[in-house]
Structures are given as structure tokens and as C-alpha cells.
Amino acid sequence: MGIRLSPVGVAVFCLLGVGIIYHLYAGVISSRIAALRRRRTVDLRELLALSVEAAVLGGREVKRAREENPLEKSNGKTKGGASEKIALGDQSSHRKIALRPEGEAGVWNHVIPADLQLIGEGREVSADDITVWIDPLDAAQEYTKNLQKYVTTMVCVAVSGVPVIGVIHKPFTEYTASPPSATPPPRFRSRSSGSRLRACCDGGAEEGESGTKMTERIESAWALVGSGSNLQPRAPHGGRSLRVIVSRSHAGKATRFIQTAFGNETVVHTAGGAGYKVLALLDPPDEQYEQADVYLHITYIKKRDVCAGNAILKALGGHMTTLKGEEIDYRAAEANHGGVLASVGRDHRALLAKLQSADSHRQS
């Protein structure tokens, strides 16, 4: 008697493995953070270092599982109305880390990576005010379709509901930074001290014939509000048309709303993953990005999807709000029903006014 395996069952089983493995890694990070929380205060620079580590470890497992298990199956609809693909990295691997003592295992040695040391001293905050959000697989639909450039893993730390640490890691592509020189590239800049930050290397940098470093690889985009980031805002473009990036799964509805609000000449880009869309507003050393001025999401979205991007934009002088202009509180439930408007280097209030005017005309 032969045995037939359901393709859907195989897909679920394989991605269940992704979720289990990621939970093991998340447990390691959680136990280390729990060790920090046994103190009354927590150093935000230490939390940034742990957040980068968590995003990288999760990304490695996401990449390994995807390469070993090609998948593309549908699993109904999301709350936002999109077809939900079977990618357990976006379902069961989602984890909001509660900072509670979890035993003595995983005590951290408090060693800060060299690039993070350049942002200066850390800041102490009350451990009771900390909330950590992890999105171990952003762009789950694109993940199953092997659209690798959209996939990210993200970690965010909020203090009293305000995002202050954001990490966005791209498992399938690596950023390449310009070589350090007498006038280093401005993207690696500490806002507090003005010093230039160099890219964090994974495995070192390539060397030219003279032994000088030619390139350095950045594993993750990160920011600590008030201290620094390894990214910078994208320079204003010369065109007159506003460029807006929206979700691939809601492109039609969003495009009509955008053109009503900002005019028919508005350029609309579609992309997967909230992390990718935030990076499209910035200047990461990676050419595989649509370039946008505004990120707009008009339906329900989970806070784990936007918290890291919100922190990075905030660190760089940008804004992320609901479509009504409200700040998103990251202490409460995971749902954000108010949509998202994100911008940097733009008049955010003017953008909100145009959106609200278009919405009132649509409802009248």
C-alpha cells in the first residue's frame, strides 16, 4: 500500500520546523534579556546589541528553511483581505517577548560589538517600561514565492509604548557599504557625537591588492533613537511627482485612494513586507529598492510589522503615524486598525491633511 503526502501538509510540516527553530533562538535571546531585567534598569545600547543578534539568528534560520523547502501554497485570507500563504514564520513564530525572569540560563557577558560602541554610552531605562516585539518573518507571502528581496526579520524595543530601538535584517541579501576613506560616507553617523559609524562586518571585509579594505558587509539596518543609526534618509529626488510605496496585496484600492489624495501624477510602487517599505524611504547600501517618499498602508496591520521601522524613522527625524495622525502605542494589543503613514524629509502634517480630505470626500 502506497503512502501519498499532501503538498499542503508537507508545507505546513516544513514551516512548522522554521517556527520551532526560531522559537529556540528567540528563547536564547529572551533569557539573555531576562537576565538584564533582573536589574531595576536596562541599558538601551545592550538591548540594541541583543536585538541585532536576535534578528540575525532568526534570519539565518528563515533563509536555511526556505532554501531547503520551496513552498507556495495558499491558506485563505488575512484580516486585511490578502491571500495568506502558508509560512509559519509569520504565524506561529511571531513572538512578543515579555521581559520576565526566566532562570539563570543565558546570562549575557555585556560585550558590545565595535560598531555599536561608536554611538557612545548607553542610556538606562526602567525595566518595567520595556516591551520587545519580534517579527521573525516579514513578507510571508513573498517568502513562499521566493521573492527574497522583500523578506526581513525585525526586532523592536519600545519604552513606555514609544519605539526607541529598531532592527531590520535582510536574510537573503547583504548590504555593501562604501569603503572607509578620509571623508567617510555619512550613513554611518552618530547623532549624539557626530562620529562616523562603520558597517558591522560578518566575516570581515574584502581587501584589495594594497591590503586596504574595499567593502564591508552590513547584516542589519539598526537605529537607537537619540544616539545613532547605520542608515540615513534618502536624498530628495529631482522629480515633481510624489512617490508612494504600498503593499502588493492591496495595490488597487490603495492606488485609487492615493491618486485622489495626491493627484493622478503620483507614482505608486508596490512591494512586499513592511520592513522593506520603510527601507525604501531611506538610503541603505543596497540597490535592489524601489525609491519612495511615503509609505502608506490603508488597512489593518500588526504592530510587530511596523515597530522596528517606526523606531528607525524616528531616529532619523522621520514620522510614522496612523492615517489620522495618531502615534502608535506599542504597549497595548498587537492590532493597529488605523493604517500607517510613514515619511522622512517630508511635511508629514501636510500629507495627513491631504489623506484626510480624500477620505472625507470618499465617505460623503
(message) Side chains of V164 and V125, heavy atoms from C-beta outward: is any pair under 4.5 Å?
(response) no
(request) Would you indicate whether K149, at its atom NZ, is surrounded by more than 12 heavy atoms from other residues, nucleotides or ligands within a distance under 6.0 Å? (result) yes
(request) Kindly indicate whether the side chain of V155, heavy atoms from C-beta on, has any atom under 4.5 Å from the side chain of W222. (result) no
(request) To the nearest 0.5 Å, tell me how far S227 OG sits from R45 CZ. (result) 9.0 Å
(message) Quick check for you: to the nearest 0.5 Å, what is the distance between D43 atom CG and E124 atom CD?
(response) 5.0 Å
(message) Using the rule side chain to side chain contact (heavy atoms under 4.5 Å, CB included), only one of V244, V246, I258 pairs with V294; which is it?
(response) V244
(request) State the CG-CD1 distance between L224 and I119, to the nearest 0.5 angstrom. (result) 4.5 Å
(request) Identify the two heavy atoms, one from V167 and one from A308, that lie closest to each other, and give their separation to 0.1 Å. (result) O-CB, 3.7 Å
(request) State, with a plain yes or no, whether a side-chain heavy atom of E326 is found less than 4.5 Å away from one of T321. (result) no
(message) Tell me whether N310 contacts the main-chain N or O of A342 through its side chain, where contact means a donor paired with an acceptor under 3.5 Å.
(response) no
(request) Determine, step by step, whether Q148 and T173 satisfy the side-chain contact (heavy atoms from CB on, under 4.5 Å) criterion, reporting the C-alpha distance in whole Å, the side-chain angles of both residues, the deciding distance to 0.1 Å, and the verdict. (result) CA-CA 8 Å; Q148 298 178 353; T173 59; 5.7 Å; no
(message) Do L147 and R248 make a side-chain contact, defined as non-hydrogen atoms from C-beta onward lying under 4.5 Å apart?
(response) yes
(message) Please determine whether residues L323 and L242 belong to a single hydrophobic cluster, defined as Ile, Leu, Val, Met, Phe, Trp and Tyr linked transitively by side-chain heavy-atom distances below 4.5 Å.
(response) yes
(message) Any side-chain to backbone donor/acceptor pair from K303 onto D329? Under 3.5 Å, distance only.
(response) yes
(message) Any non-hydrogen side-chain atom of V52 less than 4.5 Å from a side-chain atom of P113?
(response) no
(request) Quick one: pull up NZ in K253 and CD1 in I298 and give me the separation to the nearest 0.5 Å. (result) 5.0 Å
(message) Just verifying a value: how many Å separate Y150 OH and K145 NZ, rounded to the nearest 0.5 Å?
(response) 10.5 Å
(message) Just to verify, what does R234 make a side-chain hydrogen bond (donor to acceptor under 3.5 Å, both in side chains) with, not counting sequence neighbours?
(response) none
(request) Walk me through it: do V278 and V306 pass the test side-chain contact (heavy atoms from CB on, under 4.5 Å)? (result) CA-CA 9 Å; V278 168; V306 295; over 6 Å; no
(request) Check whether any side-chain heavy atom of I130 sits under 4.5 Å from a side-chain heavy atom of L44, and report yes or no. (result) yes
(request) For residues G338 and T322, report the shortest heavy-atom separation together with the two atoms involved. (result) O-CB, 3.5 Å
(request) Identify the heavy atoms of H297 and S247 that sit nearest to each other, and give their distance. (result) ND1-OG, 3.3 Å
(request) Mark yes or no for whether K354, through its side chain, and A350, through its backbone, hold a donor-acceptor pair below 3.5 Å. (result) no
(request) Using modelled atom types only, decide if a donor and an acceptor are shared between the side chain of D138 and the backbone of A274 within a distance under 3.5 Å. (result) yes
(request) Rounded to the nearest 0.5 Å, what's the gap from CG on L116 to CD on E46? Could you check? (result) 11.0 Å
(request) Could you pull out the closest heavy-atom pair between G166 and I312, with the gap in Å? (result) O-CG1, 3.8 Å
(message) Check the orientation of Y330 and W133. Use parallel for under 30°, tilted for 30 to 60°, and perpendicular for over 60°.
(response) perpendicular
(request) Tell me yes or no: between the side chains of D115 and Q117, is some donor less than 3.5 Å from an acceptor? (result) no
(request) Indicate the atoms forming the closest heavy-atom contact of R123 with V225, along with that distance. (result) NH2-O, 3.0 Å
(request) Flag yes if L48 and V162 sit in one hydrophobic cluster, no otherwise; membership is Ile, Leu, Val, Met, Phe, Trp, Tyr, and two members link when side-chain heavy atoms are under 4.5 Å apart. (result) no
(request) Determine, stepwise, if the pair V157 / S51 fulfils side-chain contact (heavy atoms from CB on, under 4.5 Å). (result) CA-CA 8 Å; V157 177; S51 298; 3.7 Å; yes
(request) Please name the pair of heavy atoms, one in L231 and one in P284, separated by the smallest distance, quoted to 0.1 Å. (result) CD2-CA, 3.6 Å
(request) For residues I245 and Y276, determine if any side-chain heavy atom of one lies less than 4.5 Å from a side-chain heavy atom of the other. (result) yes
(message) Checking L282 against L313 for the side-chain contact (heavy atoms from CB on, under 4.5 Å) test, could you report, in this order, the C-alpha distance in whole Å, the side-chain angles of both residues, the deciding distance, and whether it holds?
(response) CA-CA 9 Å; L282 305 175; L313 289 174; 3.9 Å; yes
